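Just so you know, these numbers come straight off a predicted model, no measurement behind them.
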Amino acid sequence: MRNEMPLTVIGNLVDDPELRFTPAGVAVARFTVASTPRVFDRETNSWRDGESTFLDCTAWRQLAENLAESASKGARLVVAGRLRTDRWETPEGERRSRMVLDVDDVGASMTFATVTISRTPRAAPPRESAPDDPWTTASTVRPDTPADAAPAANEAPF
């Protein structure tokens with residue numbers, strides 16, 4: 001999308017991801033990533049932690065379930081998504097806002113850890129087509145055309 005702001009953040013999970021399900025049964029995981037830069041302190045001639053940035057994140061569907069099963073508090077992650085502003089009004093009438101990352105993908109940072117990757121089995125998608133839908137019985141193989149059904153030389157092929 002043109003007006004979306006893509007963002008990739010490398011940081012640590014502040015807490016275990018919170019997995020919930022919508023009334024329609026769609027999985028959603030909320031979590032916070034803290035990114036802390038390392039800064040060189042010239043006075044002490046050493047490196048120290050800078051000011052941490054905390055970013056609220058939301059993952060949906062299979063990504064949400066995989067994240068909740070795989071990652072826990074303190075895990076170092078690479079999180080990629082689209083930044084958006086969440087706005088609301090308090091019961092007292094105060095306007096509030098916060099930045100939220102709608103997550104497209106999450107990976108484990110392998111700078112300080114090793115990872116074993118295992119694929120999750122995919123369930124067959126539910127059949128949502130109408131019984132009279134000709135595409136449900138479509139084949140990837142072109143049927144043979146009988147010779148008598150071939151168009152005449154002066155006839156359009158369609």
Side-chain angles (χ1 to χ4, degrees), residues 1-140:
M1 299 273 169
R2 283 185 7 191
N3 295 327
E4 293 179 339
M5 187 180 305
L7 180 68
T8 301
V9 177
I10 301 170
N12 295 0
L13 270 177
V14 172
D15 209 349
D16 291 343
E18 178 187 343
L19 180 64
R20 294 192 178 186
F21 293 87
T22 67
V26 178
V28 59
R30 292 197 174 124
F31 60 99
T32 302
V33 174
S35 181
T36 307
R38 296 288 288 169
V39 210
F40 188 74
D41 187 344
R42 292 178 190 239
E43 293 177 11
T44 62
N45 202 29
S46 63
W47 290 92
R48 63 174 176 81
D49 286 342
E51 190 70 28
S52 295
T53 299
F54 295 88
L55 186 60
D56 293 328
C57 303
T58 305
W60 292 87
R61 296 176 182 76
Q62 191 65 51
L63 174 60
E65 293 185 50
N66 292 347
L67 177 69
E69 186 175 319
S70 304
S72 58
K73 179 180 179 177
R76 188 156 179 84
L77 301 176
V78 179
V79 183
R82 292 158 281 112
L83 197 59
R84 68 174 169 82
T85 304
D86 195 7
R87 294 181 173 92
W88 71 96
E89 193 170 305
T90 66
E92 295 80 29
E94 297 174 342
R95 292 183 183 182
R96 302 275 175 98
S97 67
R98 67 179 179 157
M99 300 304 290
V100 177
L101 188 66
D102 285 332
V103 178
D104 293 323
D105 210 350
V106 176
S109 171
M110 291 188 270
T111 303
F112 304 110
T114 59
V115 176
T116 302
I117 299 172
S118 62
R119 294 184 65 100
T120 55
R122 296 184 98 178
R127 186 176 174 110
E128 298 176 6
S129 58
D132 60 344
D133 184 359
W135 291 104
T136 60
T137 57
S139 171
T140 57

Residues, nucleotides or ligands: over 12 heavy atoms within 6.0 Å of [X] [atom1]:
{"X": "Arg20", "atom1": "CZ", "answer": "no"}
{"X": "Gln62", "atom1": "CD", "answer": "yes"}
{"X": "Glu89", "atom1": "CD", "answer": "yes"}
{"X": "Glu92", "atom1": "CD", "answer": "yes"}
{"X": "Arg42", "atom1": "CZ", "answer": "no"}

Distance (rounded to the nearest 0.5 Å) between [X] [atom1] and [Y] [atom2]:
{"X": "Asp105", "Y": "Leu77", "atom1": "CG", "atom2": "CG", "answer": "11.0 Å"}
{"X": "Thr36", "Y": "Arg48", "atom1": "OG1", "atom2": "CZ", "answer": "12.0 Å"}
{"X": "Thr90", "Y": "Arg95", "atom1": "OG1", "atom2": "CZ", "answer": "11.0 Å"}

- [ ] Show your reasoning for whether side-chain contact (heavy atoms from CB on, under 4.5 Å) applies to Val106 and Asn66.
- [x] CA-CA 10 Å; Val106 176; Asn66 292 347; over 6 Å; no

Task: Ionic contact status for Arg82 with Asp104, cut-off 4.0 Å - done: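 Looking at Asp104 and Arg82, the cut-off is met.
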
Task: Derivation and outcome, side-chain contact (heavy atoms from CB on, under 4.5 Å), residues Val26 and Arg61 - done: CA-CA 6 Å; Val26 178; Arg61 296 176 182 76; 3.8 Å; yes

Measure the shortest side-chain to side-chain distance between [X] and [Y] over non-hydrogen atoms and say whether it is less than 4.5 angstrom.
{"X": "Glu51", "Y": "Thr53", "answer": "no"}
{"X": "Asp15", "Y": "Thr32", "answer": "no"}
{"X": "Phe40", "Y": "Asn45", "answer": "yes"}
{"X": "Arg96", "Y": "Glu94", "answer": "yes"}
{"X": "Met99", "Y": "Thr85", "answer": "yes"}

Open item on the list: Test your reading of the model: is there a side-chain donor-acceptor pair from Asp16 to the backbone of Lys73, 3.5 Å cut-off?
Closed with: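 Between the backbone of Lys73 and the side chain of Asp16 there is a qualifying donor-acceptor contact (under 3.5 Å).
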
Open item on the list: Between Arg76 and Ile10, does the side-chain contact (heavy atoms from CB on, under 4.5 Å) criterion hold? Intermediate values first, please.
Closed with: CA-CA 7 Å; Arg76 188 156 179 84; Ile10 301 170; 3.7 Å; yes

